[in-house]
Structures are given as C-alpha cells and as structure tokens.
Visitor: 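Pasting a structure below so you can have a look.
Since we're looking at a predicted model, the values are computed, not measured. Letters go in sequence order (proteins before strands), and every chain restarts at 1. Only heavy atoms go into these numbers, but all of them, side chains included; no hydrogens, no water, no symmetry mates.
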Amino acid sequence: MAKGKRKFLDILDRRPLLLDGATGTELQKRGMPPGVSPELWCAENPGVIAGVHRDYARAGADAVYTCTFGANRFKLEPYGEAQVRSLNRRLALIARQAVGGNTLVVGDIGPTGRFIRPFGELDFEEAVGAFKEQVRGLLDGGVDGFVIETMMDIQEARAALIAVRESCDLFTMVTMTFERDGRTLNGTDPLTALVTLQALGAGAVGCNCSTGPDDMARFVGAMRPFATVPLVAKPNAGMPRSSGGATVYDMDAAEFARRAGALVGAGAAILGGCCGTTPEHLAALRKAVSRKKAPAPLRRSLAALSSARRSLVFEPGRPLVVIGEGINPTGKKALQEELREGKTALVRRMARDQEAAGADLLDVNVGVPGIDQEKAMQEVVLTLAAATELPLVIDSAKTEPIERALRVYPGRALINSISGEKEKLRRLLPVAAKYGAMFILLPLTDRGIPGTAEKRADVVRTVLREARRHGFTRDDVLVDGIVMTAASNPSAPGETLRTVRWAAETFGARTVVGLSNVSFGLPERRWVNAAFLAMASASGLTAAIANPASEELMFVKRAADVLGGRDRDAAAWIAQCARAGETGKPRPAGALTPEQKLREAILDGNREAVGGCVAEALAAGLDAEALAREVMIPSIVEVGERFGRKEYFLPQLIASGETMKLGMEALEPFLQASSREAAGRGTILLATVKGDVHDIGKNIVALMLRNHGYRVVDLGKDVASERIVREIRKHKPDAVGLSALMTTTMTRMKEVIELARGQGQSCPFIVGGAVVTRAYAEAIGAAYARDGVEAVQVIQNMTGERLKP
Amino acid sequence: MDRLITFERIPIEPPLKAIYRRLGYRKGITHIRPDEARALGDRIEQARALICLKGAARRLPILSKTPRLIRLPGNHTLQSARLAELLADSREVLLLGATAGPEVIEAIRRDTADDNLTRAVVFDAAASEMVDAALDWMVTLFGRELRREGRRLTKSRFSCGYGDLALENQRIFYDLLELGRFGVELTERCILVPEKSVTAVAGIETTG
C-alpha cells in the first residue's frame, strides 16, 4: 500500500479521522470581500489562509483541505487566471507550511461549474484534462491525498476521480452534496453514488454541505450496509437561513459536536465540518469523537450496478433480474440503419419500452459491421445514460468499444462478457478493473464451448483466478450458464441448468443466461423461453438476458419469483396481475339497469364500456331520444357539477366528456332526424388568438360544448383576428369563444371584438385563459368563463337556454 | 462571469403535487378511484418519458440601470419598472431558460387529434410543471454556488410577457441563452416554440 494511503488508514485504525471545517465562511470573517475568487485572494493574502489552516490543525483536525476548491481552469477563467498548475502548487505549499508535518494536507477539488456530457455539453475528456491540471499542481505542492467534494453531478465526480487515479496513487475521498430529499441536484442517491465511486477506486465516499448533521446521518446510514470503503460526513452547522441580508447557520460548537458526533454511530469514519463551522466547532467535535472507534467497512466487495440515478444490488432473495436484450442490431434493419447514420432516437425508444415492460438492466450492443463501434458505443451509452435510469450492460466482441463505454458511463456497468479466451482475458480484465465494472464470466476458451457443466466450471475457476490478480472477487462476476439450442442438442439445456446450479450453489457466484437461444428453430418460442426461465430460476439463476415485452416471460418470471421466495408477500405478482386485470376489463356492474350502467360509464369516464352500455340500453327497448335526454345529458351535467364542487378534477371531467362523446356517437344512428335537429343547441365558434400557441383549454371547452349539443367550429390556435371575423360572417355563430394564455396575447381579444363590431357583427363573445380575468372580459365587452364547465353554463345563458334533466 | 452554461438533461422527478394541483385536484375534496390514480400515474410516467428537459443559464453584469431600464452587455436593454425594482440591489443578473422539448408537444397534438384529450391534458400539465421545476432546479444550483461567493439570487424571478416586461424582450433572452441550440424557435410574435419553453431573469445580490 502506498505510504500516503497508510497515513490515513493508520488513523482510521485507531479512531475517526477528523477533517477541517469551513474555509469560505472563515475567509469571509477574516476579510475576504464578496465576489472575488477565494483561491486568487488567498494566493495574494497567504497569511489569512495559513491562519485558517493553522487554527483547524490546532483545533484537532487530522487533515486540512487546500484552498483550491475552485482552482480549476473553468472557475479561474472569468478572473483572467490561466496559471492553474502553479496556483494549485502555491496554495498546497501554503497549507503544508501552515500545518507542518504532523497534519495531513488534502488537495481539494471542487466542481467546475460546468456540466459534463450527457448532462451538459462539456466533453468528458476535457473535464478529465482540466482536473489533471489541478491534480498536478497539488502534487507539486506535496499533498498527502485528495478530496473531490461538493459534487452534485456523479459524472463530474467520476471525471475528477479518474484524473486523480491516472496521476497518482494517493488516498482520495469523494463527497457528494445531497439535498434533504436524499438526492443530489442531479438526481443521484447516496447508495448509487457509493456503488459507482467505490468501484471506481475512491478511498472513501460520503457527503458534504447542503444539510446539517441530522440529515447527513440518513445518507451515511443508507450507504453503510453496502460500503467497502470508509464513509465521510462533513455537514454544515445546520441549515442555512437568511438573517438581516446575511446567510447564517444556527448550530453552535457544542450542539454541532453532539449531533455530528452521532454520525459515527451511523457509520461515518471520517468527519469534518462544512459551511458555518469554525475551529471551535472542530475542537468540540474532536473532543466528542476522539474516544470512539472508527466504523470499519462491513464488506470487502459488493455485487451491484448503477446508473447515474439508480443502483441494483444483487442481494440474495431479490427477484430475478431481467436484462433487456432489445438494443442489439443483429437482425434489426432499422436499428442497423440508425447506428450507421449516427442517430439515437430508436435506441431511446427501445430503452423506454423495455424499461416500461419491466427490464431491470439494458444490454447495449452496437455491433454493426463497417461502423466505428467505439464512437457508436460512446454515443449510445451517453444517450442512454440520460434517457433511462436503468444501469447498462456493455455488450461487444471488441475491447475498444467496451473501454470507451466504461470510461464515459456515469455509473457502474456490467461487461458482457469476459471469457476464458487468452487474448480477451489479457485485454479486458485490466480495463474492467480500472473502471470497477462487473462482468459476465463466459466459460468458453480458445478451444470453444465446453460441452459439460463440469468443464465449464473448470473454465470459471481459471478465469476467476486470473481476475483475482486484478482485485476482483466472486461478487464482481455473473457466471454465464451458456445457453445452446435445444432443437439441435436436446441435452444442452440440461448442461446449462447444471452449470447454473453449480455456480449458484457450489461456487457461490451470481449467474446469468441469454435466454432466447434455447428456443431457436422451434415454433412458439415464447413458451419455450418462459418454461426454460422457470427451470433456470429454480436452479438458482440471478439474471436473464431476455425480451421483457414478452408477457408470457414476465408472468412466468414473476410467478417463479413468488414460488422461489424472491417476491415478499407476492407484492410484485399481485401488482402485475392488477395491471393486467385493468386492461380492457369493465368493472363489474352488478345488478344495475342498462340506464344506470350508462350513467355510471359516463360518471366514471369509462370510454371502453360506454358503447356497450348504449347498445345494451337500446336492446332493452329504451328509446334513443329518451336515453340522450334523460340519462346521458343529466349525467354529463352532474359531472360538471361535481367538477364545480372540485369533487372531480380535470382528468375526470375530460374522461367523462370523452366518454359522453363516444356514447353520443354510438347513439346517433338511432336518433330520429327531428331529434338530431332538436339536439342542436346552436353554433359556437372557438379560436385561440393570434400569437398564442397554447390551446389545451380551448380544446377542453370544445369537447364540453359538443357534449351539450352545440355545433363547434374550432379554428385552432394562433388565429389572426381578421380570419376570426371572416369566419363569424361565414358561420353566423350563436356565440364566439376566444382563448389566450399570456398577457401579451390577450390584447388580441379586444382587437377581435372591435373588428367584429366594426363590421356590424353583434354575436356575443366569451373569453378565457390563464391570465384573463372577469374584469378584463367585462372591459372589452365579453363574458368570462374560468373553465370548460363554466363556459357551457355561460353559453347556455347567452343562447337563452339551460339544459336540465 | 459572462459565460453560457447549458444543461443537456435536467434530471428532475415530475413534481406530482404541483401537477395534481394544476389539474384541479383538491386534497380532501376531490375523489379519485384507485384505478384512476394508477392511470394518472401511468400518464405522468409516459409524459416523463417524452419530456427531455434542457436548460441554459447566463450570468451577466448589469452595466447600468435606471428606475425603468436595465442595460446588459451587448447593447441589450430591458425596459421594465418592476424588473428594475426587483434588481434594485443587484449588480449582476442570471438569465435562465428551459424547454421540455418537442416530443411531448407532438404527443399532446396527436392525442388531441385522436380524441384522447384526457391524456393530452395530463401531458400538458406535467410538461408545464416540469419546465417550471427545471427553472427552480437551476435557481437552486446557482443559489448554492453564489452562497459560496457571499452572494444570493433575488427571491423572485421575472419573465417576459408578465408585468411591464414586454414579450418582445424574449428576443434578448433567446439570443443570450442561445436557445436555438436546443431546437427552440422564436416566432415573429416572440413566442417560444415548442410551447413548453420558458425564460426568466433573477438578480444577483451581495449578502450582508
């Protein structure tokens, strides 16, 4: 172990390691004016920052952070500073001189303020390059270790960590900033951050800033059971609040020490203070924790994968993991074409569909002959990293696309696959180790696929022995059972199952199969696949590469989860059945009369059932006209009244409206011509005014009016005033409805009315929209309605009628 | 400090409470059946899959100001007494822009044409609230950064077309935030297209 790392770990062997407290707020107290670069100011005022470092060391800090939080090229550029390396060196030297040899100096790396692809536009390698520039300066200045802190973007934390690890072997802590809801602003939760960062080689992982000690205890507690490295907590002195124009923190030193000290119980081995803490806070904290033991990591390894926003831990008893196999161009012309053209829309859609169908992970293969697969893999992986929360499985026969994917992927990925082929082992194991990836261990060799489970087991042992040299354990692999075609070799499925059982029960590893190969050449493959999945699940299978859109497969998987004790209280099974049960099945109507059923359908917004209800009522001998007048219209009026009382909200109002519309369409052929005529309550012309493209409200009004028997002429959105008046002349409506969303466009309403009046049109106007008020409507000579229901009432009043049951 | 920062994917969860509120839900009054709640949840999830939140921010010094005028670099002038009042203690501004992208708007259009207004209205509410939440997200992000500088953002922000800040100023926001790079267009009448695209300005103040 490097000497630098030993210094940190020696302290942790004895007690919690104490970091320093806030630098920024201390500098402000000691005269740093607002708006300056703290790093440049400290370089110009070395005595002040040296005093801060010294005070923290005297207070009992084992390590102080260099004042280089923002000393990267992106943060310094606005101040005209280009000498990043020398500035970092200078600030590291100041810290070293201030604290001497007995206190550790940690090179502090903060965010660039830019967002890295796929979350921003900064190129990943440019970010790594910028961090390396800073790292080199800090190494020149003789730091003992590094901290990458206050990160909200896991991709930026990764870039900085890669920069450090490609520059030196010093102890490196990474701390993210979690909001009180338990996620970074970029959406990463503590466990996901831990899975990604500890796999990538962080020496310690944790959190700083944003919250006080109490919230931070939750974040540390979430990481604790899964951590293979020490955990860090550097909380603020409570939550910031504004007082008299200044930002203040309420916790005094004693309270901070009491609460932050409790973080050791939650699992934090490395402690310090962030915003609002002072040397006094640190001294009190030192006193509070100096007699405690530092919590050691509970695990040596962890079988887990992550994306930027989600993690998946392969724990015993968890449901079988489905790896969506869809993103693979083999036999898919459209996907091949898209990858050739460098497009990703189809990939995004496939990811979304598989996620919605229940996939837990997504396999990504870009193996189209003749394309730059390294580049294509990078683009697809970055696209998916933003488009889906599911962790990815990087699937390629070549090393370069895999390496590229692992470097830029903002999570811990699974490699599909590393086999016992000598060249693959030689090239892929170091890559997997560098980026901390898990891998599918494919038990084949340069001589081919072993025919029996015993021979496959030999290959598994050989590959894992080699992998151990790179730091891997059984937790880092999924053993592939290797699925062969049953149609051509009837004993093949049995060998696969025996391999899975051996790997799961004897060898103690997770397992995976690529399912669909088993049914190749057979009819009705979905059933064969589902049956094999059930058998493999019973043999101890952890994950299957499969098509999650196969309903048979997903039902069998969930049933097998229940029967295998992998679905507690059968919750997932019940949820799956409930979803399936809802599709297309009408709710039991019991002993309701046909009229009551029709009324219920409208009140419930049951679009699927309403046509049948109308048919049933007619078949029962009910008169079509009476059905409309005495059942349907009163029902939709009641919907409006419930909406008015806020018992219904908009989706229910519209669902009922659409149901009514479908019901009327079903009834229409049975109405006598005279009835149809009578049902016409008048013509209403609707438009969203010129310059405004927001028309959802107008569309709702149109639906409601149609349901109340009005003929609606809908001119659409962004309609010129002149055209509206032209259409008024043409259709001679009983009323005109105008909508606008913005203050700037609602002035067009006045323009339309004046234009119409100027041309002798006397029809009444009704206006509405987000910013339109009753007072404005009155001022321009129009009626007002706040929503679709009121619009119907107002128009009924305007046109001299009120529909009543 | 004058630098455009772009966000290719703002990763926020749909703000469910705000979406429900926008749809007219009132706690304790509105009754929703379990199947309706599940359907609504599914639609919000579908909207989330269609919404691709992108954003841009630009921090600019205020070159000069009067009670009615704010002069920014590049000969840009914002004329608004209410904005000038908001920026009374500010020496810089933060311009913000966000868009939900075109996919959700196309889905709303398609659903409306196909008589599935029930889903369209949920998509519409989800997109509106998520774009607003994207601006909130950027405000939080920059607020955090500014705190380290001993600065803060004004408590409220201002958008073109509201109060006395004319919609025509949208052109300035559009250009400075380079919203065209996200596929957002500005119509002749200064409307941002796709529809669920917004801009805003907040002031940057020095804390006590």
Visitor: Taking the six-membered ring for Trp, are A:Phe119 and B:Trp137 ring centroids under 6.0 Å apart?
Guide: no
Visitor: Please round to the nearest 0.5 Å and tell me the distance separating atom CG of A:Leu27 and atom SG of A:Cys67.
Guide: 5.5 Å
Visitor: Decide yes or no for B:Leu192 and B:Thr99: does some side-chain heavy atom of the first lie under 4.5 Å from some side-chain heavy atom of the second?
Guide: no
Visitor: Do A:Arg645 and B:Ile29 come close enough that some side-chain heavy atom pair is under 4.5 Å?
Guide: no
Visitor: Checking B:Arg9 against chain A: side chain, backbone, both or neither under 4.5 Å from a heavy atom?
Guide: both
Visitor: If I measure from the heavy atoms of chain B, does A:Leu185 come under 4.5 Å with its side chain, its backbone, both, or neither?
Guide: both
Visitor: Between atom CE of B:Met138 and atom CD1 of B:Ile12, what is the distance when rounded to the nearest 0.5 Å?
Guide: 9.5 Å
Visitor: Of the backbone (N, CA, C, O) and the side chain (C-beta and beyond), which part of A:Leu662 lies under 4.5 Å from a heavy atom of chain B, both, or neither?
Guide: neither
Visitor: Is any side-chain heavy atom of B:Leu96 closer than 4.5 Å to a side-chain heavy atom of B:Thr199?
Guide: no
Visitor: Mind ranking B:Ile204, B:Ile191, B:Ile5, B:Asp89 by heavy-atom pairs under 4.5 Å with chain A and telling me who comes out on top?
Guide: B:Ile191
Visitor: Quick check on A:Pro651 against chain B: is it the side chain, the backbone, both or neither that has a heavy atom closer than 4.5 Å?
Guide: both
Visitor: Please classify the contact of B:Arg144 with chain A as side chain, backbone, both or neither, using a heavy-atom distance under 4.5 Å.
Guide: side chain
Visitor: Quick check on B:Glu36 against chain A: is it the side chain, the backbone, both or neither that has a heavy atom closer than 4.5 Å?
Guide: side chain
Visitor: Between CZ of A:Phe115 and CD of A:Gln155, what distance do you get to the nearest 0.5 Å?
Guide: 11.5 Å
Visitor: Return the CE to OG distance between A:Met152 and A:Ser210, rounded to the nearest 0.5 Å.
Guide: 10.0 Å
Visitor: Would you mind checking which part of B:Leu23 comes under 4.5 Å of any heavy atom in chain A, side chain (CB onward), backbone (N, CA, C, O), both or neither?
Guide: both
Visitor: Taking A:Lys646, A:Arg348, A:Arg114 one by one, which has the highest count of heavy-atom pairs under 4.5 Å against chain B?
Guide: A:Lys646
Visitor: Which residues in residues 156-180 of chain B have any heavy atom closer than 4.5 Å to a heavy atom of chain A?
Guide: B:Gly161, B:Tyr162, B:Leu167
Visitor: I'd like to know which of A:Arg117, A:Gln652, A:Glu389, A:Arg349 tops the heavy-atom pair count under 4.5 Å against chain B.
Guide: A:Gln652
Visitor: Indicate yes or no: at least one non-hydrogen side-chain atom of A:Asn186 is less than 4.5 angstrom from one of A:Glu156.
Guide: no
Visitor: Counting heavy-atom pairs under 4.5 Å to chain A, which of B:Glu205, B:His31, B:Gln46 comes out on top?
Guide: B:His31
Visitor: Going by the rule side-chain hydrogen bond (donor to acceptor under 3.5 Å, both in side chains), which residues pair with A:Glu121 if we only count those two or more places apart in sequence or in a different chain?
Guide: B:Thr6, B:Arg181
Visitor: Does any non-hydrogen side-chain atom of A:Phe649 lie less than 4.5 Å from one of B:Arg26?
Guide: no
Visitor: By number, which residues in residues 119-135 of chain B have some heavy atom less than 4.5 Å away from chain A?
Guide: B:Ala120, B:Val121, B:Val122, B:Asp124
Visitor: Hey, is A:Glu77 close enough to A:Arg73 for a salt bridge, meaning N to O under 4.0 Å?
Guide: no
Visitor: A:Thr388 versus chain B, heavy atoms under 4.5 Å apart: side chain, backbone, both or neither?
Guide: neither
Visitor: Chain A heavy atoms under 4.5 Å from B:Arg48: which part of the residue, side chain, backbone, both or neither?
Guide: side chain
Visitor: For salt bridge (charged side-chain N to carboxylate O under 4.0 Å, His left out), just list the numbers for A:Lys690 and A:Asp718, CA-CA rounded to whole Å, side-chain angles, deciding distance to a tenth of an Å, and then say yes or no.
Guide: CA-CA 4 Å; A:Lys690 184 75 191 166; A:Asp718 194 16; 3.6 Å; yes
Visitor: Salt bridge between B:Arg59 and B:Glu149, side-chain N to carboxylate O under 4.0 Å?
Guide: yes
Visitor: Just give me the residue among A:Pro34, A:Gly70, A:Gly697 that pairs up with chain B most often, heavy atom to heavy atom, under 4.5 Å.
Guide: A:Pro34
Visitor: Side chain from CB out, backbone as N, CA, C, O: work out which of these in A:Thr150 comes under 4.5 Å of a heavy atom of chain B, or both, or neither.
Guide: side chain
Visitor: Which residues in residues 103-116 of chain B have any heavy atom lying under 4.5 Å from a heavy atom of chain A?
Guide: B:Glu103, B:Ile108, B:Thr112, B:Asp115, B:Asn116
Visitor: Whether A:Arg183 and B:Glu13 form a salt bridge (side-chain N of Lys/Arg under 4.0 Å from carboxylate O of Asp/Glu) is what I want to check.
Guide: no
Visitor: Between B:Arg33 and A:Asp604, is there a side-chain N and carboxylate O pair less than 4.0 Å apart?
Guide: yes
Visitor: Looking at A:Thr25, A:Ile696, A:Leu650, which one has more heavy-atom pairs under 4.5 Å with chain B than the rest?
Guide: A:Ile696
Visitor: Indicate, with yes or no, if the rings of B:Tyr20 and B:Tyr25 have centres closer together than 6.0 Å.
Guide: yes
Visitor: Taking every non-hydrogen pair under 4.5 Å, which of A:Ala655, A:Gly187, A:Gly24, A:Gly657 racks up the most with chain B?
Guide: A:Ala655
Visitor: Quiz question: by atom type and distance under 3.5 Å, do the side chains of B:Thr30 and A:Glu647 form a donor-acceptor pair?
Guide: no
Visitor: Heavy atoms only, distances under 4.5 angstrom: which of B:Ile10, B:Thr118, B:Ile32 has the most pairs with chain A? Name it, please.
Guide: B:Thr118
Visitor: Salt bridge check, A:Asp714 against A:Lys698: does any charged N sit closer than 4.0 Å to a carboxylate O?
Guide: yes
Visitor: At a heavy-atom distance under 4.5 Å, which candidate from B:Lys196, B:Glu45, B:Glu145, B:Lys54 has the highest pair count against chain A?
Guide: B:Glu145
Visitor: Between A:Met32, A:Arg607, A:Glu355, who has the most heavy-atom pairs with chain B when the cutoff is under 4.5 Å?
Guide: A:Arg607
Visitor: Identify which part of A:Phe69 has an atom lying under 4.5 Å from any heavy atom of chain B, answering side chain, backbone, both or neither.
Guide: side chain
Visitor: Rounded at 0.5 Å granularity, tell me how far CD in A:Glu26 sits from SG in A:Cys275.
Guide: 11.5 Å
Visitor: So B:Arg91 and B:Ile62, do their side chains get closer than 4.5 Å, heavy atoms only?
Guide: no
Visitor: What's the separation between atom CZ in B:Arg58 and atom CG in B:Leu72, rounded to the nearest 0.5 Å?
Guide: 10.5 Å
Visitor: Under the salt bridge (charged side-chain N to carboxylate O under 4.0 Å, His left out) rule, what do B:Glu92 and B:Arg151 come out as? Steps first, then yes or no, please.
Guide: CA-CA 10 Å; B:Glu92 292 175 88; B:Arg151 292 178 174 172; 2.8 Å; yes
